[in-house]
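The structure appears right after this line, and notes come after that.
The residues of the chain are indexed from 1 along the displayed sequence.
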Amino acid sequence: GTTVLLEAMASGIPVILTRRSCHDDYVEDGKNVLLTKPYDVEGIIEKIQILFSHSELAEELSRNARETVERDFSTRRMAERLEHVFQAVGKIE
């Protein structure tokens, strides 16, 4: 699920996401996604209506989401983080 989330954010599509604690490190409500409660059909409809009626918000969410992925979750960033892990493991005797 997280990979799909990051791909949608990277593609510049405004994302409506069900609130789950596993997403806390990836998203911020109102900044790079719109969050709603799980199984809240009315909440999802409301978020869709917000996006359709506030195109500037949709554009801002999309832009912020893409910037978040590029800055924090790109494969380059992941490789940089893994480099430190591999270096630490390599020092273990």
Checklist entry - About how many Å separate CD of Glu42 and NZ of Lys37, when rounded to the nearest 0.5 Å? => result 11.5 Å
Next on the checklist: Ile44 vs Asp40, test: side-chain contact (heavy atoms from CB on, under 4.5 Å). Steps then yes/no.
Outcome noted: CA-CA 6 Å; Ile44 294 170; Asp40 182 7; 5.6 Å; no
Checklist entry - Who pairs with Glu70 by side-chain hydrogen bond (donor to acceptor under 3.5 Å, both in side chains), at least two apart in sequence or on another chain? => result Arg66
Item to check | Partner set under salt bridge (Lys or Arg N to Asp or Glu O under 4.0 Å) for Arg77, not counting sequence neighbours | outcome: Glu80
Next on the checklist: Checking side-chain contact (heavy atoms from CB on, under 4.5 Å) between Leu61 and each of Ile50, Val33, Leu34, which is the one that passes?
Outcome noted: Leu34
Can I get a per-line list of side-chain donor-acceptor pairs under 3.5 Å for residues 9-32, giving both atom names and the distance, sequence neighbours left out?
residue : atom : partner : partner atom : Å
Ser11   : OG   : Ala8    : O            : 2.8
Asp29   : OD1  : Leu35   : N            : 2.8
Asn32   : OD1  : Glu28   : N            : 2.8
Asn32   : ND2  : Thr68   : OG1          : 3.2

Item to check | Reported OG1-to-CD distance for the pair Thr36 and Glu46, which is rounded to 0.5 angstrom | outcome: 7.5 Å
Checklist entry - About how many Å separate OG of Ser55 and CD of Glu60, when rounded to the nearest 0.5 Å? => result 11.5 Å
Checklist entry - Would you say Phe52 and Leu57 are hydrophobically clustered, going by side-chain heavy atoms of ILVMFWY under 4.5 Å? => result yes
Checklist entry - Does CZ belonging to Arg76 count more than 12 external heavy atoms closer than 6.0 Å? => result no
Next on the checklist: Do Ile48 and Leu51 land in one hydrophobic cluster if side-chain heavy atoms of ILVMFWY residues count as linked below 4.5 Å?
Outcome noted: yes
